[in-house]
Structure formats: structure tokens, C-alpha cells
Participant: 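Structure below; questions to follow.
What you see is a predicted model; the values in this text were computed from it and never measured.
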Amino acid sequence: MPNKSPGQQIKDRDQYEALRDKGYSKEKSARIANSEGAEKRGGLAKKYEDQTKKEIYDQAKKVGIDGRSKMTKAELINALRTN
């Protein structure tokens, strides 16, 4: 039987579905579910507000946020949350 979804293969289908249920986009859900170490993560990350601007900038770099070098900490946080 052919695969009904010709798109990207999802490494962690349960995590992908949980993220979709929370309202995340298909793209963001797939990126998170397919990221390295996704199966080991579980909500233990510090809040963005408790991290340094450099830590937030590094996360924005990992996910490819455009224009991050000119963003303030608040703008980086917003970009990460809405990407």
C-alpha cells in the first residue's frame, strides 16, 4: 500500500502528533520531532527569560532564524516562539 503522506519522514511520530495537538505548525512539529536528541528531551529546558541573550541567540542560529544578529533578546524570544 503506498504511503499516504509523501512528505518528510517523522522520526518520533508520537512527539510530532503531540506538538500538532498543541497547535504547532506541521513544519515546526516535524523539525522538533526529527531533531537530534529529540527522544531524550522532556521539558527540562530553562524558560527563555531565564537564559542569556547568547544562549537564546545560539538556539535561534540552530533553527535558522533570519536577522537574528540585529534582534534584541525579546525579539529573539518572540522569533523562537513563533517560528
Participant: Once rounded to the nearest 0.5 Å, what's the spacing between atom CD of Q15 and atom CZ of R20?
Facilitator: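 One gets 14.0 Å once the value is rounded to the nearest 0.5 Å.
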Participant: Within the distance-only criterion (no hydrogens, no angle test), does the side chain of N34 pair as donor or acceptor with the backbone N or O of Q9 below 3.5 angstrom?
Facilitator: yes
Participant: Just verifying a value: how many Å separate I77 CD1 and I56 CD1, rounded to the nearest 0.5 Å?
Facilitator: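 With rounding to 0.5 Å, CD1 (I77) is 4.0 Å from CD1 (I56).
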Participant: Minimum heavy-atom separation for I10 to A33, with atom names?
Facilitator: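 Answer, listing the atom of I10 first, then A33: CG2-CB, 3.9 Å.
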Participant: How many angstroms lie between atom CZ of R31 and atom NZ of K26, to the nearest 0.5 angstrom?
Facilitator: 15.5 Å
Participant: For a 4.5 angstrom cut-off between non-hydrogen side-chain atoms, does L76 reach K53?
Facilitator: yes
Participant: Between N83 and I65, is there a side-chain heavy-atom distance shorter than 4.5 Å?
Facilitator: yes
Participant: At what distance, to the nearest 0.5 angstrom, does OH of Y16 lie from CD1 of I32?
Facilitator: 11.5 Å
Participant: Return the OH to OG distance between Y24 and S29, rounded to the nearest 0.5 Å.
Facilitator: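 Nearest 0.5 Å value for the OH-OG distance: 8.0 Å.
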Participant: Under a 4.0 Å threshold between the charged nitrogen and the carboxylate oxygen, would E49 count as salt-bridged to R81?
Facilitator: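 Looking at E49 together with R81, the answer is yes, because their closest N to O distance falls below 4.0 Å.
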Participant: Mark yes when over 12 heavy atoms from residues, nucleotides or ligands other than D66 sit less than 6.0 Å from its CG; otherwise mark no.
Facilitator: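 No, the 6.0 Å shell around CG holds no more than 12 heavy atoms from other groups.
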Participant: So do Q59 and Q51 actually touch side chain to side chain, heavy atoms under 4.5 Å?
Facilitator: yes
Participant: Start with the C-alpha gap between K62 and D58, add the side-chain angles, then the distance that decides, and say whether salt bridge (Lys or Arg N to Asp or Glu O under 4.0 Å) holds.
Facilitator: CA-CA 6 Å; K62 275 185 190 177; D58 290 344; over 6 Å; no
Participant: Give, for atom NZ of K73 and atom OG1 of T52, the distance between the pair rounded to the nearest 0.5 Å.
Facilitator: 7.0 Å
Participant: Both conditions, 6.0 Å and 45 degrees, for the charged tip of R68 above the ring of Y57: are they met here?
Facilitator: yes
